[in-house]
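Right, one structure below, let's go through it.
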Amino acid sequence: MEAFRISEQSAKIFSRLAGNRGETAVKTLVINLERETARLGHMRKVFGEQGLDFTVVKAVDAKLLSQEELKVGRTGTPRFYELGAGEIACFLSHRKCWEIAAQSDDAYTVICEDDIFLGENASAIFGDESWIPADAGVVRLEACRPKTLIGKAAVSTVAGRKVHPLRVAHAGAGAYLISRSCAQVLHANSRAFCDPVDQFLYSSRSFCDDSLVIYQVNPSPAIQEVFLRKDRILGSSLFGERFDIESIKQKKSSKILILNKTNKVFKKIFRKFSEVIDNIFTDDRWVRIGFR
């Protein structure tokens with residue numbers, strides 16, 4: 001791992017932001033493929049502008065995966081699709097971070113991918129752990145396009161943002177905070193897997209017990225480039241891999257394609273109906289998480 005050291009000027013910025021409240025900065029890990037120097041430069045700029053520090057964790061290279069490692073990522077029945085090498089490498093990279101967090105002396109660790117942007121005053125969140133709910137296992141720190149089901153009542157506030165219980169999230173592992181105890185569970189229960197890392201984190205419910213709650217910060221202090229801008233500079237190899245998977249799916253008989261399209265229409269109608277029910281009759285609501 002490579003430690004990224006902030007400049008004296010950045011340290012002064014951070015000191016001003018933190019004040020004299022005795023806040024403890026949360027250790028932050030950034031996943032970066034060694035050859036992706038532009039992405040690392042981007043993260044240094046984004047974090048440096050807010051006086052934040054991070055440690056680089058070398059990403060697992062999809063091009064160097066062994067057959068055994070590929071098998072590990074295709075164990076069981078996938079809920080979505082069979083993972084490609086890129087998705088498996090991404091999951092294994094996060095798992096490296098979980099191991100670090102599980103063995104850390106720090107109670108919490110922030111894990112980021114190397115294509116995120118930070119919002120205003122993100123340093124108040126990354127630079128302090130006093131706002132974190134005591135029962136938090138994972139706190140999702142990013143926004144993405146699909147709607148998210150969160151509890152209506154906020155349990156905490158930080159830097160003008162609210163922290164809500166997260167019930168369902170469909171995408172995004174670009175930025176999240178994890179507790180040491182949850183990282184231990186995650187690492188132990190992910191020796192074999194078959195779903196993308198974001199689905200494993202937020203939708204599987206297979207890794208946490210009731211004492212480890214998942215939360216969402218809204219509006220979020222982080223967002224991945226793919227959800228922020230159309231003129232993507234950093235790009236994403238995973239989106240290319242997913243596009244190839246979708247292309248293969250579409251090479252089916254016309255009868256199957258018609259059935260799939262009809263199924264999608266009914267699913268969309270059912271989803272809209274479910275959202276209305278949840279929003280009116282439950283303590284939860286479907287929202288599109290903002291970024292600020």
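Because the structure is predicted, anything quoted here is derived from the model rather than measured.
- By the ring-ring contact (aromatic ring centres under 6.0 Å, His included) test, His187 pairs with no residue at all, sequence neighbours left out.
- Between atom CD1 of residue Ile289 and atom OG of residue Ser220 there is a gap of 7.5 Å, rounded to the nearest 0.5 Å.
- Checking side-chain atoms of Gln224 against main-chain N and O of Ile116 turns up no donor-acceptor pair under 3.5 Å.
- Rounding to the nearest 0.5 Å places CG of Leu70 at 10.5 Å from OG1 of Thr75.
- In the model, Lys27 has a side-chain atom that pairs as donor or acceptor with a side-chain atom of Ser104 under 3.5 Å.
- Of the possible polar contacts, one joining the Lys96 side chain to the Lys58 backbone as a donor-acceptor pair under 3.5 Å is found.
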Requested in this report: Kindly indicate, with the supporting measurements, whether the criterion ring-ring contact (aromatic ring centres under 6.0 Å, His included) is fulfilled by Phe193 and Phe91.
Outcome: CA-CA 9 Å; Phe193 53 91; Phe91 195 116; 3.7 Å; yes
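- The line from CZ of Arg44 to OG1 of Thr37 is 9.5 Å long, rounded to the nearest 0.5 Å.
- Tyr215 is linked by a ring-ring contact (aromatic ring centres under 6.0 Å, His included) to nothing, counting only residues two or more places apart in sequence or in another chain.
- Among residues two or more places apart in sequence or in another chain, the side chain to side chain contact (heavy atoms under 4.5 Å, CB included) test is passed with Ala183 by Ala101, Ala102, Ile178.
- Glu34 CD: 12 or fewer foreign heavy atoms inside a 6.0 Å radius.
- Asn218 places a side-chain N or O within 3.5 Å of a backbone atom of Gly290 that can act as its donor or acceptor partner.
- Among residues two or more places apart in sequence or in another chain, the ring-ring contact (aromatic ring centres under 6.0 Å, His included) test is passed with Tyr108 by none.
- Using cut-offs of 30° and 60° on the angle between ring planes, the pair Trp98 and Phe200 is parallel.
- Between Val158 and Ile125, the shortest heavy-atom distance links the atoms CG2-CG1, 3.8 Å.
- Remark: the backbone N or O of Asp105 is paired with a side-chain donor or acceptor of Arg180 at under 3.5 angstrom.
- Listed for the Arg95 side chain is a donor-acceptor partner under 3.5 Å among the backbone atoms of Ser190.
- Sorted by first and then second residue, the side chain to side chain donor-acceptor pair (under 3.5 Å) pairs with a member in residues 151-165 form an empty list; sequence neighbours excluded.
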Requested in this report: Please test Arg35 against Asp61 for salt bridge (Lys or Arg N to Asp or Glu O under 4.0 Å), starting from the C-alpha separation and ending with a verdict.
Outcome: CA-CA 10 Å; Arg35 60 174 174 272; Asp61 194 335; 2.5 Å; yes
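- To the nearest 0.5 Å, atom CD of residue Glu225 and atom CG of residue Asp115 are 6.5 Å apart.
- In this structure the side chain of Val213 never reaches within 4.5 angstrom of the side chain of Pro133, judged on heavy atoms.
- Gln50 places a side-chain N or O within donor-acceptor distance of the main-chain N or O of Ser123, the cut-off being under 3.5 Å.
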Query raised in the report: For Phe126 and Phe47, what are the C-alpha separation, side-chain angles and deciding distance, and is it a ring-ring contact (aromatic ring centres under 6.0 Å, His included)?
Result: CA-CA 10 Å; Phe126 285 72; Phe47 272 67; 5.8 Å; yes
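- Looking only at side-chain heavy atoms (C-beta outward), Asp114 and Val56 stay at 4.5 Å or farther from each other.
- For Ser66, the side-chain hydrogen bond (donor to acceptor under 3.5 Å, both in side chains) partners two or more places apart in sequence, or in a different chain, are Glu69.
- When atom types are taken as modelled, the side chain of Arg79 and the backbone of Asp195 share no donor-acceptor pair closer than 3.5 angstrom.
- Rounded to the nearest 0.5 angstrom, Thr282 OG1 and Arg167 CZ are separated by 8.5 Å.
- With contacts defined as side-chain heavy-atom distances shorter than 4.5 Å, the pair Thr148/Leu166 qualifies.
- Shown here for Ala171 and Asp198, the closest heavy-atom pair between the two residues is CA-OD2, 3.5 Å.
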